[in-house]
Amino acid sequence: MTYLDERSEPSSASELLDLFYATRTQTEKLTAPLNDEDLGLQSMEDASPPKWHLAHTTWFFEEFILKPFLPGYQPKDNRFAVLFNSYYVQAGPRHTRSRRGLLSRPTVTEVLSYRAHVEDALRDGLSRGGFTLDPDRLDALVTLGCHHEMQHQELLITDLLHALSFNPLLPAYIPSQPGAVTAIREQDWTLHAGGLVEIGHDGDGFAYDCEGPRHKVWLEPYKLADRLVTNGDWIAFMNDGGYETQTLWLMEGWAVREKNGWDSPLYWWQQDGQWWTYTLQGPRPVDLSAPVVHVSFYEADAFARWSGRRLPTEAEWEAAAEATEIEGNFLENGTHIPQGRHASLWGDVWQWTSSAFSPYPGFSPPDGAIGEYNGKFMVNQMVLRGGSCATPKLQMRSSYRTFFYPQQRWQMLGLRLAADQ
Ligand code: AVJ
Ligand code: FE
């Protein structure tokens, strides 16, 4: 069941408000270590300033719930509709994405009072039963708004890392914690019989539209690595000329590598014969036992070929993960860096798959602007699975599909190998 399905189970009003306030508070907690200058930084078109994330997640509740369904709702400022609409064509005009960092007005204080304005209206509307839509649909929309904001918590963290990385002071967002004590562990394999399996959301609890319908998939027997690819593995690839060996690369990947001069993951540099990396805990020597992060699909694919293995398909990953406990290094741990201390299939870094982000059989997005949420992005992007140290744990499900373009690196992106049996 997806977020606009009438059959989804409504939660009680107080449960819904708990989720709402927990989500809103967590977002503001993430921005607490930042000053007003940090809050306005935008380093590239793909990334947004923290202040914009604070406002856009608020706009989402206003645009999709308060304006259409709460009679008498007065927007705080009608001009915010344009400034904080991200990509919803059916919701009207939008401020240019690459210029979000030029919005010195509204100020941080004004954005925070916009947040409070929308929160008060939502709470008030819920408590007096003032909304004009069915309670279960209202519930589904508020829940979607909360999950949307959780997605933006992750983007806020990764966008911040990108923005701060351009400052030669290499600022630490949070104090540095001791490095991982994990021993370097050989990669082992778990065997999976494959056969006729089902993947996709099964209708219990929240999911995005693109996670369904649940459907059958045929899998040949396969095996999955029991750990993520580590920095140590990656350095072996680099030392073996992985970045210089064209035959390991997809043609398009090689062209992107050439154009950008890639010779290591994003945020890496060499100093005194050692690899260093910039993290939200400041600069650190690359930890050989930690999962590699900030590699593109093209790099992950070349690494897999160099290893004599391959990336898993999203169906292989989901079939293996479905029955396992969601346990791993997620946003709530507060480390903001991958560590590789968990033996599970989950967390630390998103895992590139060889699957294109395409509609499942029978998929159709909901009508209206909300249908633009995922469906219109179903071309030229690859699916990643498993969540990362920047993903709120509450976001994770075995059916969860995130997606990025194959050349993107600034998210917490890594890989786990697969192979045929
Ligand atoms: C699923 C992470 C690719 O970054 O646009 C945020 C998440 N969707 N607001 C994105 C999202 C709408 C989405 N990703
Ligand atoms: Fe968004």
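Because only heavy atoms are used, hydrogens play no part in the values below, and waters and symmetry mates are left out as well, while side chains stay in. Remember, it's a predicted structure, so these values are computed and weren't measured experimentally. Counting convention: from 1, in listed order, for ligands and their atoms alike.
A side-chain donor-acceptor contact under 3.5 Å links E110 to the backbone of T107. No donor-acceptor distance shorter than 3.5 angstrom exists from the side chain of E63 to the backbone of A81, with no hydrogens or angles considered. E316 places no side-chain N or O within 3.5 Å of a backbone atom of L219 that could act as its donor or acceptor partner. Formation of a donor-acceptor pair under 3.5 Å by the E220 side chain with backbone atoms of G194 is not found in this model. The main-chain N or O of H201 is never found under 3.5 Å from a side-chain atom of E211 such that the two would form a donor-acceptor pair. Put simply, the side chain of N329 gets close to the backbone of I337: a donor and an acceptor are under 3.5 Å apart. Without hydrogens or angle criteria, D38 side chain to N35 main chain gives a donor-acceptor distance under 3.5 Å.
Counting atoms of ligand 1 from 1 in the listed order, those under 4.0 Å from a heavy atom of F403 are 1 (C), 3 (C).
Closer than 2.8 Å to the Fe ion (ligand 2) sit the protein N, O or S atoms H56 NE2, H148 NE2, H152 NE2.
Under a 4.0 Å heavy-atom criterion, F404 is in contact with ligand 1. Distances from ligand 1 to the non-hydrogen atoms of F377 include no value under 4.0 Å.
A salt bridge is defined here as a Lys NZ or Arg NE, NH1 or NH2 lying under 4.0 Å from an Asp or Glu carboxylate O, and K76 with E62 fails to meet this definition. Checked for salt-bridge contact, D46 and R97 meet the test: a charged N lies under 4.0 Å from a carboxylate O.
Counting protein heavy atoms only, atom 12 (C) of ligand 1 is closest to Y87 OH, 3.1 Å. Q151 OE1, 3.2 Å is the protein heavy atom nearest to atom 11 (C) of ligand 1. Protein heavy atom in closest approach to atom 1 (C) of ligand 1: T402 OG1, 3.4 Å. Of the protein's non-hydrogen atoms, the one nearest atom 6 (C) of ligand 1 is H152 NE2, 3.2 Å.
The side chain of L155, and not its backbone, has at least one atom closer than 4.0 Å to an atom of ligand 1 (non-hydrogen atoms only; side chain from C-beta on). Counting heavy atoms under 4.0 Å from ligand 1, residue Y208 does not touch it at all.
Under the 6.0 Å cut-off for aromatic ring centres, W350 and W410 do not qualify, their centroids lying 6.0 Å or more apart.
Crowding of K29 atom NZ: a count of heavy atoms from other residues, nucleotides or ligands under 6.0 Å not exceeding 12.
The distance criterion of under 3.5 Å between nitrogen or oxygen atoms is met by H148 with respect to ligand 1.
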